[in-house]
Amino acid sequence: MSRKLLLACIAIVAVLFSANFISCSKSSPAPSPGPGNPCAGVTISVSATSTAANCTNNGTLTITASGGSSGFTYKLNAGGTYQLSNVFSNLMPGNYTVFAKNASGCEGSAAALVSSTSVISVTATSTPAMNCVNDGTITATATGGTGFSYKLNAGGTYQASNVFTGLATGSYTVFAKEAGGCEASTNVNVGANNSISVSASSTRVTNCQTNGTVTITASGSTGFTYKLNAGGTYQASNMFSNLTAGNYTAFAKDGSGCENSVAVTVSANNTITVSNNVAAASKCSNNGMITVNAGGSTGFTYKLGAGGIYQASNIFAALAAGNYNTFAKDQFGCEQSAAATITINTTAGSLFTNVKNLLAAKCISCHSGPSPAAGRDWTVDCQIVDFSALINQRAVVIGDMPQGGPMLTPAEKAIITNWVNAGAKFTD
Ligand code: HEC
């Protein structure tokens with residue numbers, strides 16, 4: 001309420017009524033007057049206008065009061081002291097309670113705010129830390145105030161310069177503070193820039209030996225040392241030899257300790273060749289044979305079947321018809337295998353045929369049919385082969401067969417003897 005209006009109001013009140021009968025408060029009409037209390041029925045209206053503070057104590061509050069008698073005094077906050085002036089200056093931003101009291105001691109109050117006009121803002125740029133060295137930088141730019149100082153992170157110390165150097169890779173908070181103490185902050189990242197590049201070449205492992213190599217090449221920095229795999233030890237030479245086949249990680253580290261790595265594979269090259277010479281088994285005899293031929297390395301041993309045992313000889317004899325795998329292993333333990341099939345030779349040899357014909361003429365009257373003598377049936381090829389020694393024993397050496405005679409002639413005995421001496425096989 002303006003001072004003019006207030007005076008006009010008081011004049012009207014004085015003319016029409018007693019001074020305390022009515023209040024000019026805009027907030028509420030006056031209640032009935034009380035008997036002894038001069039403030040009974042009096043409403044003191046208080047309001048305040050403010051000017052904002054700029055992070056320092058340059059705010060103001062101007063209080064306006066009306067109601068009841070005139071002669072107002074003013075104070076700030078409950079604990080303040082009443083003064084004649086209605087203007088309060090040197091105020092920090094914040095919430096206040098303004099009080100006004102008239103000459104009769106009637107008080108009123110109102111809430112008042114001194115706002116902040118702080119418009120400080122800070123931005124920051126950074127340069128990355130190169131090759132693992134703490135050489136990153138941050139440059140801060142602040143606006144909205146004067147007399148700025150700057151610090152890095154909440155625990156830092158304010159400094160005049162807006163440039164921070166020697167920084168490690170990471171996240172930072174940059175603060176700017178103006179002369180009045182107003183702060184602003186922003187987050188900024190110092191990146192990493194590893195310019196070291198690593199490449200690696202390899203040579204293959206031959207025949208399961210440990211003769212692979214890896215050669216590492218690094219660039220983008222100086223003072224390199226090299227290692228193979230994370231658990232390795234850095235060395236001056238970029239060459240690693242005596243390697244087995246497999247996957248490796250090649251590392252290079254520069255003079256300042258900055259690393260980079262690349263994957264490299266040492267592949268295997270097995271030059272061992274294996275082939276088999278196979279001799280068929282003759283009918284009725286498990287006499288198949290495999291001769292293993294290995295090449296491409298040295299110091300070979302040989303085995304038959306994955307579950308076999310390596311031996312020095314490359315010959316496997318007395319084999320039945322069937323499918324086989326032969327293996328050759330060189331002195332370094334490098335294996336190679338080849339398949340072999342043993343077939344049966346079912347073509348009767350002439351010596352066997354002569355014996356069979358002789359037995360058919362002289363013996364099968366007793367040694368054939370459902371119940372052959374001694375259980376031996378000399379019409380069955382494999383019985384002749386299987387019992388060749390017995391036949392020779394009885395018909396040639398002892399001469400008691402055919403039973404009851406006549407004995408075989410020397411020429412007939414020679415037929416048996418010749419076949420037995422040749423090996424007594426179906427194919428002989
Ligand atoms: C007249 C019948 C008769 C004739 C022919 C005969 N055997 Fe025998 N053979 C027998 C009898 C019976 C036995 C069993 C008794 C014995 O071992 O002396 C036998 C046993 C054998 C045995 C022993 C078998 C064994 O498992 O011990 C042989 C080998 C044999 N004969 C070969 C011949 C030959 C070879 C001829 C022909 C050159 C022949 N036999 C002719 C009746 C005969």
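Numbering of ligands and ligand atoms starts at 1, following listing order. Atom set for the values below is all heavy atoms of this structure, side chains included, hydrogens, waters and symmetry mates excluded.
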Measure the distance from [atom] to every protein heavy atom, then report the residue, atom name and distance (to 0.1 Å) of the closest one.
atom                    : value
atom 11 (C) of ligand 1 : A373 CB, 3.6 Å
atom 36 (C) of ligand 1 : C363 SG, 2.7 Å
atom 19 (C) of ligand 1 : M401 CE, 3.1 Å
atom 31 (N) of ligand 1 : H367 NE2, 2.8 Å
atom 28 (C) of ligand 1 : R394 CG, 3.7 Å
atom 25 (C) of ligand 1 : L390 CD1, 3.8 Å
atom 4 (C) of ligand 1  : C366 SG, 3.2 Å
atom 26 (O) of ligand 1 : R376 NE, 2.9 Å

Can you sort out which atoms of ligand 1 are near [X], meaning under 4.0 Å from one of its heavy atoms?
X    : answer
S365 : 5 (C)
P402 : 5 (C), 6 (C), 37 (C), 38 (C), 39 (C), 41 (C)
A374 : 14 (C), 20 (C), 24 (C)
A395 : 35 (C)

Is there a side-chain contact between T60 and L91 (heavy atoms, below 4.5 Å)?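 Result no, sub-4.5 Å side-chain heavy-atom pair not found.
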
Below 30° counts as parallel, above 60° as perpendicular, anything between as tilted: where do the rings of F352 and F426 land? tilted

Measure the acute angle between the ring planes of Y82 and F99, then classify it against the limits of 30° and 60° as parallel, tilted or perpendicular. perpendicular

Quick check: D400 and ligand 1, any N/O pair under 3.5 Å apart? no

Does W378 have a non-hydrogen atom less than 4.0 Å from ligand 1?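 Judged by the 4.0 Å heavy-atom criterion, W378 does count as contacting ligand 1.
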
Without swapping roles, check the side chain of [X] against the backbone of [Y] for a donor-acceptor pair under 3.5 Å.
X    : Y    : value
N86  : T62  : no
K75  : A78  : yes
S202 : V214 : no

Paired with N207, the side chain to side chain donor-acceptor pair (under 3.5 Å) test is passed by just one of N269, T298, T271, namely T271

Taking 4.0 Å as the limit for heavy-atom contacts, which would you say applies to Q403 with ligand 1: side chain only, backbone only, both, or neither?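 Both backbone and side chain of Q403 come within 4.0 Å of ligand 1.
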
Answer yes or no for atom 1 (C) of ligand 1: protein heavy atom present at a distance under 4.0 Å? yes

